[in-house]
Number of protein chains: 2
Amino acid sequence: MAKTVLIVEDDRNIADLLRLYLEKEGYAVVIAPDGLKGVEKFHEVQPALVLLDVMLPGMDGWGVCRTIRAESKTPIIMLTAKSETEDKVQGLKQGADDYITKPFEMKEVLARIEAVLRRSGIEPEKAERKLTFDKLVIDMDAFELTVDGKKIPTPPKEMELLYHLASTPNRVYTRNQLLDEVWGFDYFGDTRTVDVHVKRLREKLEGVSDKWELKTVWSVGYKFEVTGR
Amino acid sequence: MAKTVLIVEDDRNIADLLRLYLEKEGYAVVIAPDGLKGVEKFHEVQPALVLLDVMLPGMDGWGVCRTIRAESKTPIIMLTAKSETEDKVQGLKQGADDYITKPFEMKEVLARIEAVLRRSGIEPEKAERKLTFDKLVIDMDAFELTVDGKKIPTPPKEMELLYHLASTPNRVYTRNQLLDEVWGFDYFGDTRTVDVHVKRLREKLEGVSDKWELKTVWSVGYKFEVTGR
DNA sequence: TTTTGGGTGAACAATTTGTAAAAACTGTCG
DNA sequence: CGACAGTTTTTACAAATTGTTCACCCAAAA
């Protein structure tokens, strides 16, 4: 059965984003919006790991951390805005197992979660981050795009965008969704950025296979369409 | 023949993880999910060592420990969630040889197992920590790097970094992951430290073989890439 | 035809890495 | 203890790579 991750975070956007990503990786996710509810949910669901924001309404992150640690060794990762080293030291002293500064990349969060679980003697949920469609292979573990066995050098943003689109084939994403989910919740750029990345991906994938396509949905966004068969 | 380790542990995840790790190190592993089955398996397989969880359904760890100790001097290591010292004293009084608190690191478990076996006059099984790629040999037992049969003097950190990267070829590691896993999760230094070590490794390994490469994955991290094969 | 949204190439900006050199450590030996 | 040799970490800057914006034009809806 899937491991459960408890996210204690009052910013809805961040929480949702984390959930989206972690669920894609095979974790079950429960969200609590403040410290007290966090402790409550902790008892209720007995998660395998807790992601804990430091700044919280009500009981702050340190308090929750101490409370949980007083009764359990469940791994805790703190999320904080400050990048001061002393804050990290403080965190680890309070019993946290690791510490991530915002803004963070999903990729980093996942890596930390797996590292912490492994350290705690818990087997991390390891969905293979590798998608195959006909002659196309998107391998996020090796960070490699392969077409017909041949490697195609591809910059990180393009990889992540393609991976994101392809992990739910046929589903349309708006540009803003993609900016949120691939670029990060704190990204404030132009939506046309997405267009350019799609264009570059199309160049790379042109004529590779007729079984799938990076398709524009007019006035909505883009999707990775897998045809028939 | 490989020594057998009996693991008495009801949490399937932990048991599996231990098995995975110990088998990689060259031990044969047998798992029992509760105290009674533990005693049973003990008679059946006559293990070289027993890893024994304290909290078990049916007969608890202490009971199993006493039962085994009553008839044999087979080394026993207790696994427990509590970190209380009194628990440890209790454990050793009941005849356990050592004691590990969860969450534990696999590395630590292995070290304890080897120490206990050695103390008991049994030769520990130790898998060769040695990787070979074409002309390159990374031997962590001798702590030696060999290229084409010739030894290349290499400082410890570089050895460990290379070994870590090479133990999962083609997989990308972020700098933070490497810092976590090679330097230790409580390391607070700069991520650029990794770059410098990679650079020095590259100097040593330059032009040695075209079958593998210490590769940069832009904006992500590094990997030990093995080509062809 | 008009309006709105998307494709595209190129310039420019920002980020990330390579590298060398200096500084900080470590452990050893006289 | 104090100098020394080897190792590790930090720093600074140049070089490489990637990300973003913008302008122009074309395509799709209305």
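For the numbers below, each heavy atom of this structure counts, side chains included, while hydrogens, waters and symmetry mates do not. Owing to the predicted nature of the structure, the values given are computational and were not obtained by experimental measurement. A note on names: the letters A, B, ... follow the listed sequences, proteins ahead of strands, and every chain is numbered from 1.
B:R202 and B:T216 form a side-chain donor-acceptor contact under 3.5 Å, judged by distance and modelled atom types alone. Side chain to side chain, B:R19 and B:Y27 fail the donor-acceptor criterion of an N or O pair below 3.5 Å.
A donor-acceptor distance shorter than 3.5 angstrom exists from the side chain of A:R69 to the backbone of A:T74, with no hydrogens or angles considered.
Checking the phosphate oxygens (OP1, OP2) of D:dT18, no side-chain nitrogen or oxygen of A:H197 falls inside 4.0 Å.
Ion pairing between A:K126 and A:E25 fails under the 4.0 Å rule for side-chain N and carboxylate O. A salt bridge links A:R112 to A:D98: at least one charged side-chain nitrogen sits closer than 4.0 Å to a carboxylate oxygen. Between A:K199 and A:D195 there is no salt bridge, since no side-chain N of the basic residue sits under 4.0 Å from a carboxylate O of the acidic one.
Cation-pi check for A:R171 over A:Y173 is met; the charged atom lies under 6.0 angstrom from the ring centroid and within 45 degrees of its normal.
In this structure, the ring of B:W183 has its center no less than 6.0 angstrom from the ring center of B:H164.
Both B:S219 and A:V196 sit near DNA chain C, but only A:V196 has its closest nucleotide nearer the 5' end.
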- Which letter, B, S or -, goes with each nucleotide of nucleotides 25-30 of chain D from 5' to 3', with contact meaning a protein heavy atom under 4.0 Å? ---S--
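Here A:K37 pairs with A:A32, A:P33, A:D34 under the side chain to side chain contact (heavy atoms under 4.5 Å, CB included) rule; sequence neighbours left out. In terms of the salt bridge (charged side-chain N to carboxylate O under 4.0 Å, His left out) criterion, residue partners of A:E225 (sequence neighbours excluded) are, by chain and number, A:K215, A:K223.
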- Task: Would you check, one step at a time, whether the test salt bridge (Lys or Arg N to Asp or Glu O under 4.0 Å) holds for A:E128 with A:K130?
- Result: CA-CA 5 Å; A:E128 226 187 24; A:K130 187 175 182 179; 5.1 Å; no
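Enclosure of atom CD in A:E71 by more than 12 non-hydrogen atoms of other residues, nucleotides or ligands within 6.0 angstrom is indicated. Within a 6.0 Å radius of CD in B:E203, other residues, nucleotides and ligands contribute more than 12 heavy atoms.
Residues from residues 171-193 of chain A lying near DNA chain D, meaning a heavy-atom separation below 4.0 Å, are A:W183, A:Y187, A:G189, A:D190, A:T193 in numerical order. Using a 4.0 Å cut-off on heavy atoms, the residues of residues 198-209 of chain B that approach DNA chain C are B:K199, B:R202, listed by number.
Chain B approaches DNA chain C within less than 4.0 angstrom (heavy atoms of the protein), and the contacting nucleotides run 5' to 3' from C:dT15 to C:dA20.
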